[in-house]
Amino acid sequence: VAKQLIVPVTKKAGNTSWALMLHPGGLECDLFVTHGWAEGIYEFIDKVVHSWPRRASHAYCCMLSNPQNLDIGGLISSPRESPFAQALMSARYVVVVPNHVCSIYSRIWCAYEAFPAISESKFIVIASPPLKGVCYRMSSMLALSLVAAAVSGVVFAQADVKDWRSEHGIGMLGALHLPPIFCIFLHSFLHSSRAMQVLAHVAAVSSGVNAGCALYVVTAMVARDGLRAHSTPVHLGQVLWSFVLCASAAVSERDLLCVLQSAKEASELRRGFTGDLRDARSSVASDRKRILRELELSGQKDSLNAAIDVLFVSGMSTPTLQAAAACVGPLARAGHWNAGVVSMTWFMWFTESLPIILQCVGAFRMPGKQPLLLAEWYVLLCVQGLVYLQALMWLVGFCCQGKDTRGFAASAMVKLSGMIMLPIYTVIYSLGADEESIRIVMEVKVFIQFLFLGPLVLMSCFASPARTAKVPVFGRPLVRCLMTRVSLDTLYCATKKALASKSSSSSSSSSSSSSSCSCSCS
């Protein structure tokens with residue numbers, strides 16, 4: 001493209017650059033694009049356009065901003081005074097464009113461009129193309145849920161399970177929520193793409209079964225008792241929950257594609273990179289010598305390599321993520337968050353107790369209300385209202401957070417909710433038809449949400465991972481727990497290695513004991 005289009009066109013315009021040919025007065029640089037000249041033009045355009053920051057208006061790209069017909073050796077004789085460095089000083093964002101040939105950080109000028117970008121605290125992101133096949137994958141998951149719902153509904157209708165249509169069936173029907181909720185929560189703890197895909201399919205099938213059973217029960221209840229039945233709000237809430245779980249399973253499939261794409265881009269950036277910017281190559285030996293000398297004089301070699309490692313692991317590199325990595329190490333996929341899991345968790349946080357609230361409101365209309373029970377209902381409604389306020393505050397705070405802290409806020413809400421609320425839901429659904437015990441546990445759940453879960457989640461949302469890690473005693477373990485993802489492949493290899501070392505140690509001990517025995521016999 002440069003030889004066949006940019007060079008001949010700009011030569012006719014007076015040997016200027018493509019950017020100055022279009023804008024003779026120049027434009028202020030908001031975005032700096034760093035690439036290795038090894039990618040195709042369509043690949044380059046797709047990645048840059050798709051990863052363009054919303055607040056950026058004008059970009060600097062060397063093939064368009066530098067005059068390709070002139071010898072710019074004089075302009076880059078001093079790396080600090082070069083056009084690359086000047087544009088980086090002005091830009092707020094830096095987009096790193098990987099390619100399938102080699103790491104851009106194996107080229108000396110790309111390695112140098114990381115120096116001012118990191119030292120000047122720029123927002124660095126890895127460019128990625130638009131996802132392919134998203135609609136097909138999500139539609140397939142929804143179709144799987146619908147088929148499971150239809151089959152389960154027909155099976156329950158043919159079996160005529162009357163106990164499910166009674167009020168005592170509320171606990172049994174609610175127990176069907178646990179498998180998809182557990183699968184979707186576990187989705188956020190794993191780093192293995194295969195395990196995540198299996199969990200998404202299991203969640204889609206179990207959510208469909210849940211939806212089919214809930215629709216059957218609600219239809220039977222309405223046909224028998226009408227819409228004013230005492231348990232109708234609870235069953236309607238369970239139907240709504242079932243469809244939310246189906247939607248979450250479908251959206252999780254899109255999040256899986258994002259995980260695979262980000263892993264591919266990170267592997268392309270690692271290809272040929274030794275982990276040290278000083279090993280980068282150059283076609284001009286004098287350029288490499290000047291750049292390495294400037295890097296040595298800066299005294300920031302180790303911090304630069306650490307910031308590049310944060311970029312590979314987290315998907316972006318910002319001052320916040322670099323500060324967090326200095327405390328607890330690089331945070332895996334800190335720049336990404338699972339929309340399906342987050343939406344399901346927030347919906348659970350916001351609306352799970354809505355049927356109980358409707359029952360309390362209905363109880364106010366009952367004649368002969370006792371003052372003590374009336375006060376208890378008022379307290380429960382007020383606390384639940386504060387829980388709703390906490391959920392709204394988290395949503396507003398999450399939307400106002402930067403992209404480098406949303407991953408931590410989302411992971412905190414999902415994992416804390418899962419670790420605290422899943423045991424409570426297990427207790428609730430194991431009580432079966434004991435409505436009084438269920439009511440007591442639900443009230444306890446509301447107070448736990450208000451006193452413990454809400455404050456922890458809000459603190460994690462409004463405090464960055466770096467600030468949370470600085471909290472004495474539990475700050476660093478909390479950040480590690482919230483951001484650590486388990487790779488089943490790594491876990492399998494570690495377990496296999498531990499078993500092998502254990503067997504080798506036992507065999508060596510047995511051989512040593514036999515040799516000592518033979519010596520004593522002799």
Side-chain angles (χ1 to χ4, degrees), residues 1-3 5-39 41 44-45 47-49 51-53 56-99 103-125 127 277 280-298 300 304 307-308 317:
V1 173
K3 292 181 179 179
L5 177 64
I6 297 176
V7 170
V9 172
T10 54
K11 185 175 183 180
K12 295 179 180 179
N15 291 329
T16 183
S17 67
W18 188 279
L20 288 178
M21 180 184 68
L22 298 180
H23 305 281
L27 296 171
E28 185 177 358
C29 178
D30 302 318
L31 172 66
F32 186 93
V33 180
T34 175
H35 67 113
W37 287 77
E39 67 280 345
I41 187 62
F44 177 84
I45 293 174
K47 290 182 176 180
V48 172
V49 172
S51 306
W52 192 282
S57 301
H58 314 118
Y60 176 95
C61 180
C62 57
M63 66 178 177
L64 299 175
S65 300
N66 292 340
Q68 299 298 324
N69 290 291
L70 302 179
D71 183 9
I72 61 172
L75 296 177
I76 61 176
S77 58
S78 173
R80 185 176 295 274
E81 302 298 328
S82 65
F84 308 106
Q86 297 300 318
L88 273 166
M89 294 297 181
S90 174
R92 180 180 179 184
Y93 305 95
V94 176
V95 171
V96 178
V97 183
N99 61 78
S103 172
I104 67 169
Y105 294 115
S106 62
R107 297 173 58 92
I108 192 63
W109 274 107
C110 294
Y112 177 76
E113 289 166 358
F115 170 47
I118 294 170
S119 60
E120 297 297 325
S121 302
K122 305 300 181 180
F123 198 105
I124 309 173
V125 297
L277 294 176
R281 304 182 302 272
S282 176
S283 57
V284 181
S286 58
D287 288 351
R288 184 176 186 275
K289 185 177 180 180
R290 286 193 298 267
I291 290 174
L292 291 180
R293 183 173 182 275
E294 187 167 331
L295 291 178
E296 291 288 343
L297 293 176
S298 68
Q300 300 182 12
L304 288 175
I308 295 299
S317 185

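The first residue in the sequence is number 1, and the count goes up from there. Every heavy atom of this structure was used, including side-chain atoms; hydrogens, water molecules and symmetry mates were not.
- For the pair I308 and I118, the minimum side-chain heavy-atom distance is below 4.5 Å.
- Closest heavy-atom contact between L27 and H58: CD1-CD2, 3.6 Å.
- Within the model, atoms NZ of K3 and CD of Q68 stand 11.0 Å from one another, a figure rounded to the nearest 0.5 Å.
- Nearest approach of P116 to M89, heavy atoms of both residues: CB-CE, 4.4 Å.
- By the 4.5 Å heavy-atom criterion applied to side chains, F115 and L304 are counted as neighbours.
- A heavy-atom distance below 4.5 Å is found between the side chains of V96 and Y105.
- Here the straight-line distance linking atom CD of E28 with atom OG of S90 works out to 5.0 Å at 0.5 Å rounding.
- With L31 as the fixed residue, the side-chain contact (heavy atoms from CB on, under 4.5 Å) test singles out one of S51, S57, P53: P53.
- Heavy atoms only, all atoms of each residue included: Q86 and R80 are closest at NE2-O, 3.5 Å.
- The shortest side-chain heavy-atom distance between R290 and S78 does not fall under the 4.5 Å cut-off.
- A donor-acceptor pair is defined here as one N or O able to donate and one able to accept, closer than 3.5 Å; such a pair exists between the side chain of Y112 and the backbone of P79.
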Next item on the list: Show your reasoning for whether side chain to side chain contact (heavy atoms under 4.5 Å, CB included) applies to R293 and L297.
Entry: CA-CA 6 Å; R293 183 173 182 275; L297 293 176; 3.7 Å; yes

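- Between L277 atom CG and R107 atom CZ the span is 14.5 Å, to the nearest 0.5 Å.
- For N99 (side chain) and A38 (main-chain N/O), no donor-acceptor pair under 3.5 Å exists by modelled atom type.
- Remark: of the listed residues Y60, F44, W109, F44 is the sole one forming a ring pair (Phe, Tyr, Trp, His ring centres under 6.0 Å) with H35.
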Item checked: Step-by-step side chain to side chain contact (heavy atoms under 4.5 Å, CB included) determination, M63 to V33 -> CA-CA 10 Å; M63 66 178 177; V33 180; over 6 Å; no

Mind listing the side-chain donor-acceptor pairs of residues 7-20 below 3.5 Å, one per line with the distance, residues two or more places apart or on another chain?
{"from": "T10", "atom 1": "OG1", "to": "I6", "atom 2": "O", "distance (Å)": "2.5"}
{"from": "T10", "atom 1": "OG1", "to": "V7", "atom 2": "O", "distance (Å)": "3.3"}
{"from": "T10", "atom 1": "OG1", "to": "N69", "atom 2": "ND2", "distance (Å)": "2.8"}
{"from": "S17", "atom 1": "OG", "to": "L20", "atom 2": "N", "distance (Å)": "3.2"}
{"from": "S17", "atom 1": "OG", "to": "S65", "atom 2": "O", "distance (Å)": "3.4"}

Notebook entry, point to check: Where do R92 and F32 land on the side chain to side chain contact (heavy atoms under 4.5 Å, CB included) test, with the steps shown first?
Noted result: CA-CA 8 Å; R92 180 180 179 184; F32 186 93; over 6 Å; no

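- In this structure, I108 CD1 and S283 OG are separated by 11.0 Å, a value rounded to the nearest 0.5 Å.
- Between I124 and Y93 the shortest side-chain heavy-atom distance does not fall below 4.5 Å.
- The OG atom of S82 lies 8.0 Å from the CD1 atom of I291; values are rounded to the nearest 0.5 Å.
- Across C110 and I104, no two heavy atoms sit closer than the pair CB-O, 2.9 Å.
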Margin query: Before you tell me yes or no, could you show the steps for S317 and F123 under side chain to side chain contact (heavy atoms under 4.5 Å, CB included), namely the whole-Å CA-CA distance, both residues' side-chain angles and the distance that decides it to 0.1 Å?
Written below: CA-CA 6 Å; S317 185; F123 198 105; over 6 Å; no

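- When atom types are taken as modelled, the side chain of R288 and the backbone of A280 share a donor-acceptor pair closer than 3.5 angstrom.
- Going from atom CG of L88 over to atom SG of C29 covers 7.5 Å, rounded to the nearest 0.5 Å.
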